[in-house]
Protein chains: 2
Amino acid sequence: MASLQNRPGQGRRRASHSMESVVTEAVALLDEAGEPALTFRALAQRLGGGVASIYWYVANKDELLDLATDHVIGSILADIERLPSSDDPVDDLRAMALTLFDAIVDRPWLGAYFMRNTDAQSNSLRLYEKLGRETLRLDLTAQQRFHAVSAVIGVVVGSAVDLGQEPPQEVLDGHVDRDQFLGRAAQAWRELDPQDFPFVHEIVDEFDGHDDADQFRSALELTLAGLRLQAGA
Amino acid sequence: MASLQNRPGQGRRRASHSMESVVTEAVALLDEAGEPALTFRALAQRLGGGVASIYWYVANKDELLDLATDHVIGSILADIERLPSSDDPVDDLRAMALTLFDAIVDRPWLGAYFMRNTDAQSNSLRLYEKLGRETLRLDLTAQQRFHAVSAVIGVVVGSAVDLGQEPPQEVLDGHVDRDQFLGRAAQAWRELDPQDFPFVHEIVDEFDGHDDADQFRSALELTLAGLRLQAGA
DNA sequence: GGCTACGATAGAACAACGTTCGATGCGATG
DNA sequence: CATCGCATCGAACGTTGTTCTATCGTAGCC
């Protein structure tokens with residue numbers, strides 16, 4: 001598949017890409033400014049070629065996103081396979097989920113496309129298998145194992161979606177940082193009637209300046225605790 | 001705010017909308033065919049008016065989506081407030097989460113915009129409060145309560161995102177129904193090497209023809225079990 | 001009753017996007 | 001040297017969100 005490297009002779013007339021370079025640059029664009037930044041025109045400019053050329057490698061933008069997603073999941077999978085294995089499958093499951101979460105923190109756009117299509121995303125399937133294998137070490141029915149992995153992935157995706165929300169323009173512009181933004185929302189909450197919103201008042205200090213990672217870890221811990229209970233350990 | 005109703009006299013020259021009608025029709029479009037169906041032109045045609053008129057009511061599409069989301073969350077909130085209250089806060093939390101899930105099954109597009117912006121979505125905040133109030137009846141710290149509600153919402157959103165994925169074209173066209181589609185994916189999984197994918201083989205029969213609601217209920221149950229444990233009950 | 005101010009409407013235009021078309025370059029093969 | 005097919009690209013198309021500008025129609029005033 002398009003193995004020849006660049007050999008522009010002289011006067012850069014035509015560009016010659018490769019599947020690799022297309023996907024890599026696509027990921028780079030996504031990393032820089034999320035999904036809106038990945039346009040065929042921006043990608044073509046980066047590759048030093050024409051817009052239509054990209055369509056020789058991918059059928060459409062959806063496929064491009066699938067390939068980009070699968071590509072980075074490949075490296076996440078490598079991270080996860082590098083993790084030490086313990087004698088407690090739940091501990092291992094937690095470690096994997098945390099690794100996954102960290103990767104999504106670095107690439108918030110991942111959340112939206114994660115696990116969308118295990119056909120086109122073969123690394124997703126491998127990741128799914130890797131997580132699931134831990135449940136084989138637990139005393140569960142097949143259905144419980146299926147649901148357990150779905151639940152863990154659900155927790156990750158649920159947190160990832162939060163992370164993936166494009167922050168408001170002022171934060172992107174750098175005029176306001178995340179803590180200020182959170183603080184401003186918290187302040188609005190504090191001004192609500194405590195009679196009508198007792199819970200919001202109870203937790204507003206926790207919300208103000210909270211850490212997304214803590215939030216994720218807690219949610220994961222609840223699920224894992226439930227899983228441990230289910231496995232009767 | 002634009003209270004006058006239509007009174008076209010004769011010869012429908014100009015249309016007169018209202019905030020209500022704009023949001024209602026926007027929701028109708030979303031319900032019919034998801035986010036891609038909600039375009040300003042389609043909405044204008046439905047309202048019998050011009051495209052630019054809509055901008056008198058909303059600043060941009062994001063705001064329109066926020067309003068539409070908040071509108072339907074309002075009716076979900078009403079459903080939830082109609083639920084009977086028991087003496088077990090965890091049971092009540094489960095009932096609320098299930099009601100929420102059912103609503104998202106009916107409106108898969110909701111998943112993507114749910115809880116995106118509690119400023120513009122005041123019903124989201126009320127829903128958040130409603131869920132959180134149950135945790136006030138549990139023996140938890142403020143931080144645990146904050147995390148507990150986030151976790152429950154995370155489970156819902158995690159499942160909702162799955163549901164929200166636009167099914168492939170052939171399913172939308174009605175050429176292939178969901179079970180056939182699932183079955184085909186399952187078949188592909190069955191053809192994988194069992195040595196490389198023991199877990200996938202273990203659960204492929206569960207995956208084939210599985211019910212999303214079951215999957216959600218199981219994930220929720222794990223989180224709630226963990227929560228009960230945490231509350232020491 | 002005319003006049004005005006303003007709330008509300010709308011058509012046309014713009015820029016950006018995904019996608020398609022047709023033509024063209026270029027290296028390998030005969 | 002001619003041919004073939006992989007790979008490339010500029011230009012164009014249709015659709016989208018959004019803005020500009022012009023206009024209508026009614027409530028309120030002199």
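Labels below follow one simple rule: chain letters A, B, ... track the order of the sequence lines, proteins then strands, and each chain is numbered from 1. We use all heavy atoms of the structure for the numbers below, so side chains are in, but hydrogens, waters and symmetry mates are not. What you see is a predicted model, and the numbers here were worked out from it, not measured in a lab.
- A close approach under 4.0 Å does not occur between any side-chain nitrogen or oxygen of A:Ser53 and OP1 or OP2 of D:dA7.
- By the ring pair (Phe, Tyr, Trp, His ring centres under 6.0 Å) test, A:Phe181 is found to be paired with no residue, residues two or more places apart in sequence or in another chain being considered.
- Contacts classified as ring-ring contact (aromatic ring centres under 6.0 Å, His included) and involving residues 96-115 of chain A (residues at least two apart or in different chains) are given here: A:Phe101-A:Phe216.
- Axis orientation changes by 20° from one end of the helix from C:dG1-D:dC30 to C:dG30-D:dC1 to the other, with each end axis drawn from 5 pairs and the value rounded to 10°.
- Here the P atom of nucleotide D:dG10 and the CD atom of A:Gln45 are 11 Å apart, to the nearest Å.
- More than 12 heavy atoms of other residues, nucleotides or ligands sit less than 6.0 Å from atom CD of B:Glu81.
- In this structure, CD1 of A:Ile54 is placed 12 Å from C1' of C:dT19, rounded to the nearest angstrom.
- A search for ring pair (Phe, Tyr, Trp, His ring centres under 6.0 Å) contacts involving A:His210 returns A:Phe207, B:Phe146, not counting sequence neighbours.
- Enclosure of atom CD in B:Gln195 is not indicated, since only 12 or fewer non-hydrogen atoms of other residues, nucleotides or ligands lie within 6.0 angstrom.
- Side-chain atoms of B:Glu63 and B:Asn117, non-hydrogen and from C-beta on, never get closer than 4.5 Å to each other.
- The distance from atom CG of A:Leu29 to atom P of C:dC17 is 11 Å, rounded to the nearest whole Å.
- Considering only residues two or more places apart in sequence or on other chains, B:Asp31 meets the salt bridge (charged side-chain N to carboxylate O under 4.0 Å, His left out) condition with B:Arg107.
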Show the distances under 3.5 angstrom between N or O atoms of the protein and N or O atoms of nucleotides 17-21 of chain D.
residue	atom	partner	partner atom	Å
D:dG17	OP1	B:Leu38	O	3.4
D:dG17	OP1	B:Lys61	NZ	2.8
D:dG17	OP2	B:Phe40	N	3.1
D:dG17	N7	B:Arg41	NH1	2.9
D:dG17	O6	B:Arg41	NH2	2.8
D:dT18	OP2	B:Tyr55	OH	3.2
D:dT18	OP2	B:Lys61	N	2.8
D:dT18	O5'	B:Tyr55	OH	3.3

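- In this structure, CH2 of B:Trp56 is placed 18 Å from P of D:dG25, rounded to the nearest angstrom.
- Rounded to an integer number of Å, the gap from A:Glu63 CD to C:dG18 P is 15 Å.
- Interatomic distance, B:Glu206 CD to A:His147 NE2, rounded to the nearest 0.5 Å: 7.0 Å.
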